Amino acid sequence: MAGRFLMSEQNQFFRWLYRLLALGGLGLLLVIAYAIIAGELSSRRWQHRNTVAVQQPTADGQKKVEELRFGDLELIRGSAIRMIKVESEVDRGKRLGLSSGGYGWNFRTRNLVFVQPGSSSPARWLFKGDGQYLSDIDQLCICRDGVKSPALALYFEIAQGDGSGRPEGVSPAVTHADGSGYATLGKPVARVLDKDVSEDGKTLGLLVEDQGKLVYRQFSLETFAPLQEQLVTQLQRE
C-alpha cells in the first residue's frame, strides 16, 4: 500500500510539473508574439513619420493621391539652398537593388526639391513626377585633406527597371547646385563603380561598366558635356 501511495504521489507531482511547464511555454509564446507585434507597429509608425498625402497628376489628366515623405533637409554647401529628398514606399512585393532611403528597405527616393530661403518663388522640383528611383545622391566638390569646397554640382543615379529585384542599369545624372540644368551623363550603364572630380573642379570622371567593358569617362562640370572616354579593360562575359 505504501508503494502504491508513493507512486500515486509521484505521478501527481509530475502531472503538475507538466502543467506548469506547458503554462510557462504558452506564456513565453505570448510574450514573443506581443514583442513581435509591438515591434512591427512601432516600426510602421516610425517609417511613416513625415509622410503626407499629395495629389499627383496622371498621364490621362486625372489626379491620384500618393503618400510621400518629405524630410532630410540638406544644406547645399556654399549656398543657402536646402535640398529635400522626396520618398515613397515601394510595393511590398517589390524590392529594388538600389537603396537610398533611410526609413527601411522598402522606401526609395523618388524626387528632389530645392528650396531657396528668402525667395518668394516656389520650390524647384527636379522631376515633374515621382516614377523614378534615385540613389547615390552626392554633392560634388574639390576635397583635400578632409576639407570640402562649395558644391560644384549635384550627382545622382537613376535606376532603370520597374523596381522588382536588381535594376537593369543606372543612368548617371547631374544638376547644378541649385537643382537647375538637369542632364544625364550618356546612356544608361550596367553600374557606376566610382567617380572623381579633377583638382581644378572642372571635370567629373566616372568609372563605369558598360556593354562588357570597363570604361573611364570624363564630363565637363560646367556644361555637363562628354569630354573623353578611355577603355580600361574588356570584361569576361558570363
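Please read all numbers here as calculations on a predicted model, not as lab measurements. Below, each value reflects all heavy atoms present in this structure, side chains not excepted, and no hydrogens, waters or symmetry copies.
- Note that the OG1 atom of T233 and the CG atom of L214 stand 7.0 Å from one another [nearest 0.5 Å].
- Geometrically, R110 engages Y133 in a cation-pi contact defined by less than 6.0 Å to the ring centre and at most 45° from the axis.
- For C143 against K148, the heavy-atom pair with the smallest separation is SG-CG, 3.8 Å.
- Here the closest heavy-atom approach between residue C141 and residue P150 is recorded as CB-O, 4.3 Å.
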* **From CA spacing to verdict: side-chain contact (heavy atoms from CB on, under 4.5 Å), H176, L154** => CA-CA 6 Å; H176 295 302; L154 185 71; over 6 Å; no

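- Smallest separation of non-hydrogen atoms from V232 and L207: CG2-CD1, 4.0 Å.
- Using a 4.0 Å cut-off between charged nitrogen and carboxylate oxygen, D210 and K187 do not count as a salt-bridge pair.
- Rounding to the nearest 0.5 Å gives a distance of 5.0 Å between CZ of F219 and CG of L185.
- Taking the side chain as every heavy atom from C-beta outward, V86 and V113 approach each other to under 4.5 Å.
- Take E222 and apply the salt bridge (charged side-chain N to carboxylate O under 4.0 Å, His left out) test, not counting sequence neighbours, and it matches no residue.
- Between atom CG of residue L75 and atom CZ of residue R82 there is a gap of 5.0 Å, rounded to the nearest 0.5 Å.
- No side-chain donor-acceptor contact under 3.5 Å links S119 to the backbone of Q116.
- Taking CG of L126 as the start and OG1 of T109 as the end, the distance is 11.5 Å to the nearest 0.5 Å.
- When all heavy atoms of R77 and S149 are compared, the pair lying nearest together is NE-O, 3.3 Å.
- Here the straight-line distance linking atom OH of Y155 with atom CG of L140 works out to 8.5 Å at 0.5 Å rounding.
- Salt-bridge formation is detected for the pair K195/D136: a Lys NZ or Arg NE/NH1/NH2 atom is positioned less than 4.0 Å from an Asp or Glu carboxylate oxygen.
- Counted by atom type alone, Y216 and D196 present one or more donor-acceptor pairs between their side chains at under 3.5 Å.
- Within the 4.5 Å cutoff, the side chain of S88 has no heavy atoms near those of the R69 side chain.
- At a threshold of 4.5 Å between non-hydrogen side-chain atoms, the residues I137 and M83 count as touching.
- In summary, the aromatic rings of F224 and Y182 are positioned with their centroids too far apart to meet the 6.0 Å limit.
- The side-chain heavy atoms of K213 and L231, taken from C-beta on, include a pair separated by under 4.5 Å.
- In this structure the side chain of V115 reaches within 4.5 angstrom of the side chain of I84, judged on heavy atoms.
- Exactly one of K202, E229, Q230, Q228 qualifies for a side chain to side chain donor-acceptor pair (under 3.5 Å) with Q218. That residue is Q228.
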* To do: Please test R124 against I81 for side-chain contact (heavy atoms from CB on, under 4.5 Å), starting from the C-alpha separation and ending with a verdict.
  => CA-CA 11 Å; R124 182 195 302 273; I81 299 171; over 6 Å; no

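- A distance of 10.0 Å separates OG of S220 from CG of L204, quoted to the nearest 0.5 Å.
- Considering only heavy atoms from C-beta on, L134 comes within 4.5 Å of L112 through its side chain.
- Between F156 and S135 the shortest side-chain heavy-atom distance does not fall below 4.5 Å.
- There is a side-chain donor-acceptor pair under 3.5 Å between Q139 and E74.
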* Which is it for L152 and I142 under the side-chain contact (heavy atoms from CB on, under 4.5 Å) test, yes or no, and what are the steps along the way? -> CA-CA 8 Å; L152 304 172; I142 302 173; 3.9 Å; yes

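- Shortest non-hydrogen contact noted between V192 and E157 is CB-OE2, 3.4 Å.
- Residue T203 forms a side-chain contact (heavy atoms from CB on, under 4.5 Å) with just one option from L221, L227, V197, and that option is L227.
- Using a 4.5 Å cut-off on side-chain heavy atoms (C-beta onward), I158 and V170 make no contact.
- Between P188 and S171, the shortest heavy-atom contact is CG-OG, 3.3 Å.
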